[in-house]
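Input: a single structure, listed below in structure tokens.
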Amino acid sequence: MNVTPALSALSLITCIVGCSEPVPDIEIPDTGVAIIVEASLTNGDTDASVAAAVYDSGQPAPMVGGNVLEVTSESVAAILSGIDERDNFYSGQIGIPNPDTDTIKVAIVHRPQETRQERWYPTEDILVDPGPGEFEGFEATLLLPTAIELTAPQPGLTYSSRDDIIPLEWTGSPADDFKLVTYNRCRSTTDSDDLSWVYTSQMDDDQQENIRIGDIIPATGALETSANLGGVVTGFVQFFIEATLSAVTLGLYEPAEINFGEFELDYCTIQLSLVRQRQGQIGEDFSGGSVTGSRSDNLQVEYRP
């Protein structure tokens with residue numbers, strides 16, 4: 001197993017333009033239009049979470065001219081909504097009636113009425129349709145990988161030593177990429193602030209792997225926390241992937257460096273998520289980016305030394 005030490009959201013952001021970590025590089029070209037798309041379905045859910053970010057000549061490109069990002073799955077359709085913190089990042093949910101066979105498409109389409117509904121001024125005051133933006137008709141498609149189900153360990157277990165082993169076991173057929181992602185939150189007996197950070201590890205999709213608690217929660221050394229991301233991280237972390245996390249967090253916070261040797265740890269919660277990914281197809285109008293379908297399963301354990 002090739003383990004990447006505790007990655008903060010900031011280090012994940014650098015992977016968008018290429019990095020040496022063992023994760024798929026996502027290159028945003030300096031010319032043309034690029035898109036990052038992720039559709040993620042968690043075990044037990046019927047709705048997939050979809051996130052997308054568009055770039056033009058390497059720069060964020062928000063939807064304009066009545067254009068929106070629309071996601072479709074067979075006969076189901078939904079429009080992705082923007083978030084206040086990122087003007088080119090859009091997200092939403094869509095039902096997936098047949099997750100093993102349904103093709104998911106994200107396309108830039110002209111929907112002037114829907115865009116007007118989000119403005120502060122009355123829609124009846126708009127007499128002139130702005131016309132479609134220049135990216136109308138650009139699209140990307142994907143299929144979700146095989147479902148994943150965690151069969152071990154049992155959720156809610158408590159571990160007392162950093163040498164303890166979490167015996168991960170899961171079901172399903174391998175796809176293009178597989179990883180463990182954890183969202184860790186530690187409380188201190190003396191410090192009022194919690195520590196929280198994201199850890200990711202590339203793994204072989206062979207249905208079993210042993211993970212040492214100390215690899216996730218170090219006893220010494222420094223790491224950059226994501227504690228002040230709050231619900232932004234936890235909302236997407238059925239944790240999915242670097243691209244989604246990067247698009248959400250880019251520019252939103254300054255990470256704080258914490259030395260574990262100086263942190264008096266009381267206990268930690270560890271939310272484990274196994275993520276299986278399958279690469280999709282970018283339409284010929286786009287010059288680059290990434291399209292990924294993900295399926296995941298997760299559970300939570302505790303570390304109480």
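Summarising the geometry, atom SG belonging to C268 is positioned 9.5 Å from atom CZ belonging to R304; distances are rounded to the nearest 0.5 Å. Note: T158 OG1 to D164 CG = 10.5 Å, rounded to the nearest 0.5 Å. Between atom CG of residue N298 and atom CG of residue L150 there is a gap of 7.5 Å, rounded to the nearest 0.5 Å. Between the OG atom in S290 and the CD1 atom in I28 there is a gap of 8.5 Å [rounded to 0.5 Å]. We find the CD1-OG distance between I213 and S160 to be 9.5 Å, quoted to the nearest 0.5 Å. How far CD1 of I270 is from CD1 of I216: 5.0 Å, rounded to the nearest 0.5 Å.
Not one N or O on the side chain of E302 forms a donor-acceptor pair closer than 3.5 Å with the backbone of G156. With Q93 contributing its side chain and V50 its backbone, the two residues share no donor-acceptor pair below 3.5 Å. When atom types are taken as modelled, the side chain of D45 and the backbone of L41 share no donor-acceptor pair closer than 3.5 angstrom. Side-chain atoms of S188 come within 3.5 Å of backbone N or O of E264 as a donor-acceptor pair. Side-chain N or O atoms of T151 include one that pairs as donor or acceptor with a backbone N or O of E169 at under 3.5 Å. The main-chain N or O of T31 is found under 3.5 Å from a side-chain atom of S287 such that the two form a donor-acceptor pair. When atom types are taken as modelled, the side chain of R162 and the backbone of P218 share a donor-acceptor pair closer than 3.5 angstrom. Proximity of a side-chain donor or acceptor of N67 to a complementary backbone N or O of M63 within less than 3.5 Å is not detected.
Side-chain contact annotation: D177 with Q202, donor-acceptor N/O pair under 3.5 Å present.
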Go through I165 and I211 one step at a time and tell me if the side chain to side chain contact (heavy atoms under 4.5 Å, CB included) criterion holds. CA-CA 5 Å; I165 297 297; I211 302 295; over 6 Å; no
Pair S273-K179, side chain to side chain contact (heavy atoms under 4.5 Å, CB included): steps then yes or no: CA-CA 8 Å; S273 185; K179 60 171 62 67; over 6 Å; no
Given V291 and T141, is the side chain to side chain contact (heavy atoms under 4.5 Å, CB included) satisfied, shown in steps? CA-CA 7 Å; V291 180; T141 59; over 6 Å; no
Decide side chain to side chain contact (heavy atoms under 4.5 Å, CB included) for D297 and L274; before the verdict, give the C-alpha distance in whole Å, the side-chain angles of both, and the deciding distance to 0.1 Å. CA-CA 6 Å; D297 196 11; L274 292 182; 5.7 Å; no
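Using a 4.5 Å heavy-atom threshold, the side chains of D285 and F135 count as separate. Annotation: side chain of N43 is not in contact with side chain of I148 (no heavy-atom distance under 4.5 Å). The shortest side-chain heavy-atom distance between Y303 and N184 does not fall under the 4.5 Å cut-off. Taking 4.5 Å as the limit, every side-chain heavy atom of P155 sits out of range of all side-chain heavy atoms of Q300. Using a 4.5 Å heavy-atom threshold, the side chains of S91 and S49 count as separate. Annotation: side chain of L144 is in contact with side chain of P99 (closest heavy-atom distance under 4.5 Å). The closest side-chain heavy-atom distance from D56 to V54 is not below 4.5 Å.
Under a hydrophobic clustering in which Ile, Leu, Val, Met, Phe, Trp and Tyr are joined whenever their side-chain heavy atoms come within less than 4.5 Å, directly or via other members, F178 and L143 fall into different clusters. Hydrophobic cluster membership is shared by L80 and V76, with clusters built from Ile, Leu, Val, Met, Phe, Trp and Tyr side chains linked at under 4.5 angstrom. When the side chains of ILVMFWY residues are joined at heavy-atom separations under 4.5 Å, either directly or via intervening members, L157 and I217 end up in a single hydrophobic cluster.
Closest approach of A175 and Q277 over heavy atoms only: CB-O, 3.2 Å. Nearest heavy atom pair, residue P174 against residue R276, reads CA-NE, 4.2 Å. Of all non-hydrogen atoms in V301 and Q154, the two that sit nearest each other are CG1-O, 4.3 Å. Closest heavy-atom contact between G95 and D47: CA-OD1, 3.3 Å. Contact record, E209 with W170: N-CZ3, 3.6 Å, taken as the closest heavy-atom pair. Contact record, L142 with G293: CD1-CA, 3.9 Å, taken as the closest heavy-atom pair.
At most 12 non-hydrogen atoms from other residues, nucleotides or ligands lie less than 6.0 angstrom from CD of Q281.
Among the candidates D205, D100, D176, the single residue satisfying the salt bridge (Lys or Arg N to Asp or Glu O under 4.0 Å) test with R295 is D100.
Using cut-offs of 30° and 60° for the angle between ring planes, the F286 and F138 rings count as perpendicular.
For S57, the side-chain contact (heavy atoms from CB on, under 4.5 Å) test picks out no residue, with sequence neighbours left out.
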